[in-house]
Amino acid sequence: MALNLRLPQVETRDQRLGTITQWEGSATQLARDSAFTYGCAKGCDNGGRRLCEQSSPFAQASMCAEHIAVTNATIIQQSVVIQHAPIGCSASQSFTARYYRDLAARRGWKLEDPKSICSNLGEQDMVFGGVERLEQTIRDAFARHNPRVIFVATSCATGIIGDDVDGAAKRVEDEIGIPVVTLHCEGFKSKHWSSGWDVIEHGILRRLVPHTPTKQADLINVIHLGGPDVFTPLLAPLGLRVNLVMGGNTLEVLARCSEAVATVTMCFVLSYLATGLEQEFGVPEVKAPLPYGLDATDYWLRDIARLTGREDRVEAIIESERARIAPELAHLRKALAGKRGFVAAGAAFAHGLLADLRELGVVVDGAFSFHHDPATDSGDPQQDSLGHLVETWGDVPNYTVSPDQHFQAHAALQRAKPDFVICRHSGTMAVLAGRMGIPVLPIFYSNDGLGYEGLLTIGRAILGVLPRKRFYDDVAAHSAFPYQPSWLAETNPYALSAEPA
Amino acid sequence: MLSPVSNPRDSSESFCSSPGAIEQVRYGCSLGALASVIAIPGAVPITHCGPGCATKQFHALSGINGYQGGEFHVPSTNLGNQEVIFGGADRLDELIRSTLKVMTADLYVVQSGCIPGLVGDDVASVVSRYQKRGVPIVFAETTGYRGNNFSGHEIIIRAIVDQFAGQGDVPKQQGLVNVWSLLPYQNPFWRGDLSEIKRILQGIGLEVNILFGPASAGVEEWRAIPRAQFNLVLSPWLGLATAAHLEQACGQPFLHVPTIPIGARATSAFLREVVEFAGLDRNRAEAFIAAEEKEHYIYLRDFAAFYAGCTSQYRLPSQAVVVSESAYNLAVATFLIEQLGLNPGPMVISENPPPEHREAIEARYRALGEGAEVAFEQDGFLIHQSIRQADFSGELPIVFGTTWEAALADSIGAPLVEIGYPCTDEVVLSRAYVGYRGALALIERTYTTVVRASTMG
């Protein structure tokens, strides 16, 4: 289904992809049910059933799409982000600033605080509307910081009171002469925070990527979640220059997106932008499964080489990379032999980490995915990362989909009893695991596990955290979670739920 | 759709709504007072709000702010389209019911956010059904667009006092005090500070309901609130509404000490004021004060070696710039000027104190001597603009502020000591900056920062 870029609002991934946030079963079953429900292009054997979402009467605080959209707008350089919201939504300013400064240090940008402003809506604005205040805030933002783009993010409150944010943005944009890009990211509108990626990518596609005829035959877009550039070492030998998109950009990088010869996405959760670039600008999307594990990385490089006409060089690179990492990989496999791991991350990223662990010889029979996309925007079955995981590495018997719910994660870890946990979104899961006496490797920069080098990076990092068990055990023995004894003993994350409807 | 009717239990009328947009936000919203609930051992907030609200508040106030951690597994309705359109009261009811099955707590505090305020959920009646069944649960209307986490803090306290702790003219226990001071989590050093405050009050013979943090006995202290002999408000304004309410509801007098004491001179004076107010045994108190001072002044005597002369190669600061919420701002400014002998530089209070308290706060600064003046401003851009315009000629300024002041401090060539939210460059556990012991830690941090700035900058 084509992406609709005419409207300022992105269609939520719940609607586009059938995204769910609650499910429990085996990875094999989830992959089959997803394919059965959302497309049988792979020759579905009809052995699936309709993908049914669980529900839970109990729930704990989660995250919202606004958080993701605003964070990723904030780290675009020379921008100002305006949160048109009551003051609380802007509590994120402190940690997005920390994130920006960390990125700046790693990527060699100017070390400064990003510019974020809250329109600071009060009760009066709820009654009379906040549009005038917004217009003034946009003017102030321009006068204070002379940015090249201003983002305006909506909030639950402005969504409910119905402020005409697009009208206000357009009016002031005409005055000040720079793009004022609206981000419709009301937290209540989507079940899952990852919709925030779609919101910012929708805004970028609509407003910041020019329709340009000049192509650069050696430029490849790499869309990633954030962090250092681990791609140039992989792709430069192919004669490709990396245009690193998302996770902190200059406006030039975004503008160049349409000039690239191809796009790869390092996590299909972010695939909206790649699909949009193919649809709107004819930049083909690399559809090969993500490069987690040796074979997948080989295949991914070959697919890029094929799409960019560099097949002659790729085999030599694969051979030399494999040879380069072989000695340390053997050492890591030996050190990790017999260890039991557990993965907690978001959908495609979780699938990637699972592949890494199995490539490293770690036993993984439990995983916790923060949501599940039964399809991707391209609709291409090659991007079925869960299906690919199961085909390549076999089943994950206990596969829980949960929006980072602490109580469910507790049950899942009680069941899995792993030697370590590797997780993303380090809030809930990392602390939980540590407090249960389980060493934990939180991944802040999601590129860590990618490609050949990623296996080494992850393997080393796991070995680095294992000795911390001494600390975690001590804490676990001297603290308790405020759950009823029955829940503390529970090993089924969805024990509270009714049968799927 | 709108229901701007204010709840009679809502004391947020005292909140002065901001006249404009804010850059570099320095506090949370009213719902952020869930951090105050988490600060009470044995209490669990139940949040009725959007899916990201509670997490964002706590991650900002705790996670990135001194990396304080804390028990965050907060039940939340995570409101979606359906509840926005049809109302969320039923979902809240289901959540409370299941919370009681899964979790265990001595006290639940239901907090509503922006969405229920806008769609008009009748949260009070949902909660009251559980109260009638004897469940220890209260409702605090912490609507995000009606206040910040300071006003929200007073709302949750009021809710617990009125709906849980019990009121009336119960017999008073001589020597028992309720302490209302720093805002938990907002101030990264609140845990250590409250422990120190409890320690010194115990030292002069009081039994202390410190109410929040590791030094608190938890919910049982809250039940004991009405029995206390008096309330101690140890902050420029936060807690005054609570104390005034308790005066009326429980017949308890209160002592208001706006400046949290830092250092021996201020702390001893503070303790003597409390002794007089509460009619405590003077001899016992003086013995405690003497013992504390003896140890304290040995440290100051030895620090004098650094402060007097061993440091001629370092650029010891001569002027204090303080940017923070009012409680620490006043306390730290007073210590730096009166105890360490720095000159007053620009001071900015950033948490939007209610207008009726501002004059009294200003008077406290004027009393610190010539040139000591305070401004009230919440917007980081304007704060920095005004400080950059100040005259630093002949001075070596040092900034006591937040992470937001890093660039400012750089631009005026000053070292920065982080004392307030957001505080992303300090890892804080039990460190205190107030009282006898805290003062020593504050001196250590200040001059370690100075030495490093001189040798590594």
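This structure is a prediction, so every number in the text was calculated from the model and none was measured. Protein chains get the first letters and strands the later ones, always in sequence-line order, with residue 1 at the start of each.
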- Do the rings of B/F381 and A/H145 sit parallel, tilted or perpendicular, given the 30° and 60° boundaries? perpendicular
- Message: At a 4.5 Å cut-off on heavy atoms, which part of B/E71 comes close to chain A: side chain, backbone, both, or neither?
- Response: side chain
- Please state whether the side chain, the backbone, both or neither of A/E490 comes within less than 4.5 Å of a heavy atom of chain B. neither
- Item | Side-chain touch B/Y27/A/I87, heavy atoms, less than 4.5 angstrom | yes
- Got a donor-acceptor contact below 3.5 angstrom from the A/S90 side chain to the B/V25 backbone? no
- Should B/D379 and A/R144 be marked as a salt bridge (charged side-chain N to carboxylate O under 4.0 Å, His left out) after you check the CA-CA gap, both sets of side-chain angles, and the distance that decides it? CA-CA 12 Å; B/D379 178 80; A/R144 283 180 174 188; 2.9 Å; yes
- Can any side-chain N or O of B/T55 pair as donor or acceptor with the backbone N or O of A/S62 at less than 3.5 Å? yes
- Query: What option among B/C49, B/P75, B/A407 has the most heavy-atom pairs under 4.5 Å with chain A?
  - Reply: B/P75
- Item | Contact class of A/S92 relative to chain B, heavy atoms under 4.5 angstrom | both
- Message: At a 4.5 Å cut-off on heavy atoms, which part of B/R91 comes close to chain A: side chain, backbone, both, or neither?
- Response: side chain
- Message: Looking at A/E112, I'd like to know if its CD atom is crowded, meaning that more than 12 non-hydrogen atoms belonging to other residues, nucleotides or ligands lie closer than 6.0 Å.
- Response: yes
- Item | Side-chain touch A/C156/B/C114, heavy atoms, less than 4.5 angstrom | no
- Looking only at A/P86, A/C118, A/C64, the option with the highest number of non-hydrogen pairs under 4.5 Å against chain B is A/C118
- For B/G20 and A/N120, the nearest pair of non-hydrogen atoms, with its separation, is O-ND2, 3.2 Å
- Message: Quick one, A/Q93 and B/P422 - any side-chain contact, counting heavy atoms below 4.5 Å?
- Response: no
- Proximal component of B/L61, with respect to chain A [non-hydrogen, under 4.5 Å]: neither
- Of all of A/L432, A/I82, A/D113, which one pairs up most often with chain B through heavy atoms under 4.5 Å apart? A/D113
- Query: How far does NZ of A/K115 sit from CD of B/Q24, to the nearest 0.5 angstrom?
  - Reply: 8.0 Å
- Query: chain B: which of A/A61, A/A157, A/A65, A/G88 shares the most heavy-atom pairs with it under 4.5 Å?
  - Reply: A/A61
- Query: Can you tell me how far the CD atom of A/Q60 sits from the CD1 atom of B/I46, to the nearest 0.5 Å?
  - Reply: 11.0 Å
- Straight-line distance of B/Q57 CD to A/C89 SG, nearest 0.5 Å: 8.5 Å
- Message: Given 3.5 Å as the limit, does a donor-acceptor pair link the side chain of B/R97 with the main chain of A/F58, or not?
- Response: no
- Side chain, backbone, both or neither of B/L79 within contact of chain A (heavy atoms, under 4.5 Å): backbone
- Message: Determine whether a donor-acceptor pair (N or O, by modelled atom type, separation under 3.5 Å) exists between the side chain of A/Q484 and the backbone of B/M103.
- Response: yes
- Item | NZ on B/K56 to CZ on A/F95, rounded to 0.5 Å | 6.5 Å
- chain B: which of A/K191, A/Q83, A/H67, A/E186 shares the most heavy-atom pairs with it under 4.5 Å? A/H67
- Message: Report which part of A/D140 has an atom under 4.5 Å of a heavy atom belonging to chain B: side chain, backbone, both, or neither.
- Response: neither
- Measure distances from B/Y421 to the heavy atoms of chain A and classify the residue's part below 4.5 Å as side chain, backbone, both or neither. side chain
- Task: Count the heavy atoms of every other residue, nucleotide or ligand shown that sit under 6.0 Å from CD of B/Q385, and state whether that count exceeds 12.
- Result: yes
- Distance from B/T143 atom OG1 to A/M126 atom CE, nearest 0.5 Å? 10.5 Å
- Message: Which atoms of A/S116 are under 4.5 Å from chain B, going by heavy atoms: the side chain, the backbone, both sets, or neither?
- Response: backbone
- Mind checking the CG-OG spacing from B/N65 to A/S94? Nearest 0.5 Å is all I need. 7.0 Å
- Which region of A/S56, side chain (C-beta onward) or backbone (N, CA, C, O), has a non-hydrogen atom less than 4.5 Å from a non-hydrogen atom of chain B, or is it both or neither? backbone
- Most chain A-contacting option - heavy-atom pairs closer than 4.5 Å, from B/G80, B/A54, B/G63: B/G80
- Bottom line for A/A409: the part with an atom under 4.5 Å from chain B's heavy atoms is neither
- Item | Exceeds 12 heavy-atom contacts within 6.0 angstrom, atom CG of B/N81 | yes
